[in-house]
Novice: 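My questions all concern the structure below.
Heavy-atom basis, side chains included; hydrogens, waters and symmetry copies ignored. Atoms within a ligand are numbered from 1 in the order they appear, just like the ligands themselves.
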Amino acid sequence: MPPKAIGPYRVLETLGSGGAGTVYRALDRRSNDEVALKLLSTGGPSLDDRAARRLAREFETLADLAHPNVVKVFEAGVHAGQPYLAMELIEGLTLRHYLDVSFNDLHTPTPASRGPLAIRRTADDDFGSEDPGASDDDDASEDDGTFDLNAFAEEAPSEDLASFHGAEDDSDSDGMLVVDPRRAAPRAAPPSRPTAPKVADLNRPERMGKLKDAMLQVCEALAYIHGHGLVHRDLKPSNIMVDDDRQVRLMDFGLAKFLADDAGITADGKLVGTYRYMAPEQILGEPLDGRSDLYSLGVILYELMSGRPPFDAKTPHELWRQVLETEPPPLLALNLHGDPQLARVAHRLIRKEPDDRFQTAEEVYEALSE
Ligand SMILES: Nc1ncnc2c1ncn2[C@@H]1O[C@H](COP(=O)(O)OP(=O)(O)OP(=O)(O)O)[C@@H](O)[C@H]1O
């Protein structure tokens with residue numbers, strides 16, 4: 001049961017939960033404005049009052065940031081020992097759904113047959129089946145108690161083209177993409193499911209235009225937050241939302257900085273971030289800078305262009321091994337007619353050595369604009 005009120009906010013509904021807490025749609029009783037309210041779960045028992053207030057004060061610094069591509073943080077506070085953040089409420093889709101929906105639009109016979117779309121949550125597990133053997137995580141955590149293996153459990157172990165687009169996969173019980181039940185109906189009748197789209201469908205000009213435009217806006221957001229000395233540390237498709245005007249908002253930036261040290265390790269030894277998108281230096285617990293975010297951006301670009309992530313494994317340890325030691329398959333081998341310029345950008349972003357990547361988000365912006 002969600003709380004009825006959090007500070008001066010009346011909770012209206014739960015929008016979703018992620019690794020760091022739960023997000024509610026809430027009403028600011030002072031102004032009557034609706035906001036997105038993120039109640040952070042700090043992983044253990046409630047913080048003592050002083051610690052929670054200190055964290056909330058640090059979050060307040062995020063309220064000084066203002067950029068059209070960065071979600072606006074209004075204020076921070078403490079509720080029952082847990083810090084919360086009140087943010088601009090974005091009516092839109094996560095980047096992955098935004099691009100999937102554009103694909104589905106092209107395959108839906110009549111616009112009238114489509115129902116309203118609404119995102120309810122965005123863990124990055126929204127594009128493949130959850131590995132039923134989630135005990136992988138348990139295994140790994142026994143091997144190495146250092147890391148928070150829940151982060152891996154929140155991701156799908158793999159992404160294939162069928163699940164990438166699956167028109168009927170978007171109405172799952174998580175409620176992450178709510179569709180007209182008429183569209184969901186074929187789910188019960190597997191023979192009527194559409195065949196998996198061809199890789200070439202990923203290259204449809206409209207979709208590619210949206211992808212490139214969104215990437216440029218993410219670069220602008222990253223340039224801004226890096227310019228303010230922040231590293232996102234958890235850049236992934238569910239932390240990028242696109243509103244109805246196609247304006248991108250980067251979310252959850254900076255939270256990791258307050259919850260962890262320079263290398264992204266929390267006080268209780270957990271790694272902050274989502275494994276699939278983590279740069280090698282992040283996995284190794286080394287100090288991070290903006291180039292680690294650029295690596296994550298490269299994984300996102302690679303995956304949205306090819307329909308699968310550059311590294312794919314069933315266990316965190318295997319994933320880490322691949323990220324640290326192996327080269328990803330050439331993107332254009334997976335998608336023969338992919339945009340070569342964008343593919344080059346993706347590959348350069350996911351180089352293992354930060355020095356070998358683009359060095360700034362501005363450089364990436366320029367390369368994407370060529
Ligand atoms: N400012 C916002 N406006 C509208 N919806 C939001 C906003 N912030 C978050 N949400 C929604 O709340 C859900 C949960 O967000 P949250 O940041 O807790 O999780 P996440 O990003 O999916 O995962 P994680 O916390 O592990 O990064 C998301 O699905 C998102 O759609």
Side-chain angles (χ1 to χ4, degrees), residues 2 6 9 11-28 33-43 59 62-63 65 67-76 82-98 100-101 117-127 130 137 147-156 170 172 174-178 221 232-245 247-260 264 266 270-278 282 293 296 299-300:
I6 297 176
Y9 299 92
V11 173
L12 301 177
E13 64 170 327
T14 304
L15 290 172
S17 302
T22 303
V23 180
Y24 303 102
R25 181 193 292 268
L27 189 77
D28 184 340
D33 290 334
E34 283 193 11
V35 300
L37 204 138
K38 180 159 189 158
L39 187 61
L40 283 141
S41 107
T42 43
F59 291 150
L62 297 176
L65 301 176
H67 186 278
N69 298 120
V70 168
V71 73
K72 184 71 196 141
V73 171
F74 298 128
E75 66 175 349
Q82 303 289 16
Y84 67 81
L85 279 177
M87 301 172 275
E88 173 188 12
L89 180 71
I90 312 294
E91 303 286 357
L93 301 169
T94 65
L95 181 60
R96 185 187 308 286
H97 285 111
Y98 171 65
D100 281 356
V101 166
L117 293 164
I119 287 295
R120 291 287 177 256
R121 64 175 283 275
T122 60
D124 271 279
D125 55 359
D126 54 356
F127 50 96
E130 197 74 47
D137 302 324
F147 299 139
D148 179 11
L149 294 164
N150 286 333
F152 191 78
E154 283 156 19
E155 299 170 41
D170 49 13
D172 70 10
D174 285 324
M176 55 197 184
L177 187 59
V178 178
H232 191 295
R233 292 161 199 259
D234 195 14
L235 189 64
K236 55 183 174 178
S238 69
N239 281 334
I240 300 169
M241 284 188 83
V242 187
D243 73 14
D244 298 341
D245 298 324
Q247 188 176 329
V248 164
R249 300 296 204 306
L250 191 58
M251 344 249 302
D252 277 0
F253 56 93
L255 285 193
K257 172 174 184 284
F258 300 120
L259 298 174
T266 61
K270 292 174 176 174
L271 193 64
V272 172
T274 306
Y275 294 154
R276 179 178 292 174
Y277 303 94
M278 278 185 188
Q282 200 167 357
D293 285 343
S296 309
V299 176
I300 295 170

Novice: For ligand 1, is any non-hydrogen atom under 4.0 Å from Met251's backbone (N, CA, C, O), its side chain (CB onward), both, or neither?
Specialist: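 Side chain only; the backbone of Met251 stays clear of ligand 1.
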Novice: Checking salt bridge (Lys or Arg N to Asp or Glu O under 4.0 Å) between Glu88 and each of Arg25, Lys72, Lys38, Arg249, which is the one that passes?
Specialist: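 The single option meeting the salt bridge (Lys or Arg N to Asp or Glu O under 4.0 Å) with Glu88 is Arg249.
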Novice: So, Ser296 side chain and Tyr277 main chain: donor-acceptor pair closer than 3.5 Å or not?
Specialist: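 At least one qualifying donor-acceptor pair exists.
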Novice: Ala76 and Leu85: which non-hydrogen atoms are nearest, and at how many Å?
Specialist: CB-CD2, 3.9 Å
Novice: Does the Asp245 side chain pair with the main chain of Gln247, one donor and one acceptor, at a distance under 3.5 Å?
Specialist: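 Not at all, since once roles are kept as given, no pair shorter than 3.5 Å links the two residues.
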Novice: At less than 4.0 angstrom from any non-hydrogen atom of Ala36, what atoms of ligand 1 do you find?
Specialist: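 Here the atoms of ligand 1 in question are 1 (N), 2 (C), 3 (N), 7 (C).
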Novice: Kindly confirm or rule out an N or O of Ile90 lying under 3.5 angstrom from an N or O of ligand 1.
Specialist: yes
Novice: Contact between Leu62 and Met87 at the side-chain level, heavy atoms closer than 4.5 Å - yes or no?
Specialist: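 Heavy-atom side-chain distance check fails, nothing below 4.5 Å.
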Novice: Provide the number and element of each atom of ligand 1 under 4.0 Å from a heavy atom of Lys38.
Specialist: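 Ligand 1 atoms under the 4.0 Å threshold to Lys38: 16 (P), 17 (O), 18 (O), 25 (O).
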Novice: When you measure from the heavy atoms of Arg25 to every atom of ligand 1, does any distance fall below 4.0 Å?
Specialist: no
Novice: Show which atoms of ligand 1 fall inside a sub-4.0 Å distance from at least one heavy-atom site of Asp234.
Specialist: 27 (O)
Novice: Lys236 heavy atoms, cut-off 4.0 Å: which ligand 1 atoms fall inside?
Specialist: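 Near Lys236, the atoms of ligand 1 are 23 (O), 24 (P), 26 (O), 27 (O).
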Novice: Go through ligand 1 atom by atom and flag the ones less than 4.0 Å from a non-hydrogen atom of Gly21.
Specialist: 18 (O)
Novice: Which atoms of ligand 1 have any heavy atom of Asn239 under 4.0 Å away?
Specialist: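 Listed by number with element, the hits are 21 (O), 27 (O).
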Novice: Is there side-chain contact between Val11 and Leu37, with heavy atoms separated by less than 4.5 Å?
Specialist: no
Novice: Using modelled atom types and a 3.5 Å cut-off, is there a donor and acceptor pairing between side-chain atoms of Asp28 and backbone atoms of Asp33?
Specialist: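 No, because the side chain of Asp28 does not come within donor-acceptor range (under 3.5 Å) of the backbone of Asp33.
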Novice: Compute the shortest N/O to N/O distance between Thr22 and ligand 1 and return yes if it is under 3.5 Å, no if not.
Specialist: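 It does not: no N or O of Thr22 is found under 3.5 Å from an N or O of ligand 1.
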